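Some notes on the structure that comes next.
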Amino acid sequence: MSTTVIHRGGCHCGAVRFEVDAPARVRVQSCNCSMCRPSGYLHLIVPASAFRLLQGADQLSTYTFNTGIAKHLFCKVCGIKSFYVPRSNPDGFSVNLNCLDAGSIESAEIEAFDGQNWEQHGESLAHLSR
């Protein structure tokens, strides 16, 4: 693991801004589920204590489906989901690596996650928010 830094990011229009404490060298998951694959979401999962919403709480809309555990948070203005509470880690946040500002990531290792078969693989991510 590399040194922990503060990464900043947000949605496309800038209405929603956040920061997250995470290593400068990260490992993220590329998921093939029906939500992530079409949007190209790259999951940087962190504990809730490492995530801070800086602005735009009033600009977020929540979408849930299936079990209702995951809280998909979208900007009401531009529609971007830059972070959310994942079903695999309801005690944390998944930040979309693609929504982080340039400059704080030294490297990103992308690993495949089989979200199409979530029931068989979801538990493998649970440690990431601890």
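Worth saying up front: this structure is predicted, and the values here are computed from it rather than measured.
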When you compare the side chain of Phe65 with that of His72, does any pair of heavy atoms fall below 4.5 Å?
yes
May I ask you to list the residues sharing a hydrophobic cluster with Leu128, side-chain cutoff 4.5 Å, ordered by chain and number?
Ile45, Phe113, Trp118, Leu125
Just say parallel, tilted or perpendicular for the rings of Phe83 and Phe18, cut-offs at 30° and 60°.
perpendicular
Would you mind listing every salt bridge (charged side-chain N to carboxylate O under 4.0 Å, His left out) that reaches into residues 66-84, with sequence neighbours excluded?
none
Honestly curious: do Ile80 and Leu73 fall in one hydrophobic cluster under the side-chain, below-4.5 Å linking rule?
no
Closest heavy-atom pair and its distance - Val85, Asn89
CG1-O, 4.2 Å
Evaluate the ring-ring contact (aromatic ring centres under 6.0 Å, His included) criterion for residues Phe74 and Tyr84: first the C-alpha distance (whole Å), next the side-chain angles of each, then the deciding distance (0.1 Å), finally the verdict.
CA-CA 8 Å; Phe74 296 85; Tyr84 78 109; 8.8 Å; no
Kindly compute the distance separating CG (Asp91) from CZ (Arg130), expressed to the nearest 0.5 Å.
6.5 Å
If the condition is side chain to side chain donor-acceptor pair (under 3.5 Å), which residues does Glu111 pass it with, not counting sequence neighbours?
Gln29
Identify the two heavy atoms, one from Ser82 and one from Cys11, that lie closest to each other, and give their separation to 0.1 Å.
OG-N, 4.0 Å
For Asp21, enumerate each residue passing the salt bridge (Lys or Arg N to Asp or Glu O under 4.0 Å) test, keeping only those at least two apart in sequence or located in another chain.
Arg52
What is the minimum heavy-atom distance between Pro86 and Gly92, and which atoms define it?
CD-O, 3.8 Å
Which residues pass the side chain to side chain donor-acceptor pair (under 3.5 Å) test with Glu119, sequence neighbours left out?
Arg87
Check Ala70 against Thr64 and note the closest heavy-atom contact, atom names and distance.
O-CG2, 3.2 Å
Apart from Val77 itself, residues in the same hydrophobic cluster as defined by side-chain heavy atoms under 4.5 Å
none
Under the salt bridge (Lys or Arg N to Asp or Glu O under 4.0 Å) test, residues paired with Asp114 that sit two or more places apart
none
Which pairs with one or both residues in residues 55-70 pass salt bridge (charged side-chain N to carboxylate O under 4.0 Å, His left out), sequence neighbours excluded?
none
Across all chains, not counting sequence neighbours, the side chain to side chain donor-acceptor pair (under 3.5 Å) partners of Ser124 are none
When you measure from the side chain of Asn32 to the backbone of Gln116, do you find a donor-acceptor pair of N or O atoms at a distance under 3.5 Å?
yes
Could you pull out all residues at least two apart from Cys33 that satisfy side-chain contact (heavy atoms from CB on, under 4.5 Å)?
Cys31, Met35, Cys36
Run through the side-chain heavy atoms of Ile, Leu, Val, Met, Phe, Trp and Tyr, join any pair under 4.5 Å, and report what else lands in Ile69's cluster.
none
Flag, side chain of Gln55 to backbone of Val16, donor-acceptor distance under 3.5 Å:
no
Result block: side-chain N/O donor-acceptor pairs under 3.5 angstrom for residues 93-104, not counting sequence neighbours:
| residue | atom | partner | partner atom | Å |
| --- | --- | --- | --- | --- |
| Ser94 | OG | His43 | ND1 | 2.7 |
| Asn96 | OD1 | Leu42 | N | 3.2 |
| Asn96 | OD1 | Asn98 | N | 3.0 |
| Asn98 | ND2 | Gly40 | O | 3.0 |
| Asp101 | OD1 | Arg17 | NH1 | 3.2 |
| Asp101 | OD2 | Arg17 | NH2 | 2.6 |
| Ser104 | OG | His7 | ND1 | 2.5 |

Is there a continuous path of hydrophobic side-chain contacts, each under 4.5 Å between heavy atoms, that joins Val20 to Ile110?
yes
Around atom NE2 of His121, are there more than 12 heavy atoms of other residues, nucleotides or ligands at under 6.0 Å?
yes
For Ala50 and Val46, which heavy atoms make the closest approach, and how far apart are they?
CB-CB, 4.1 Å
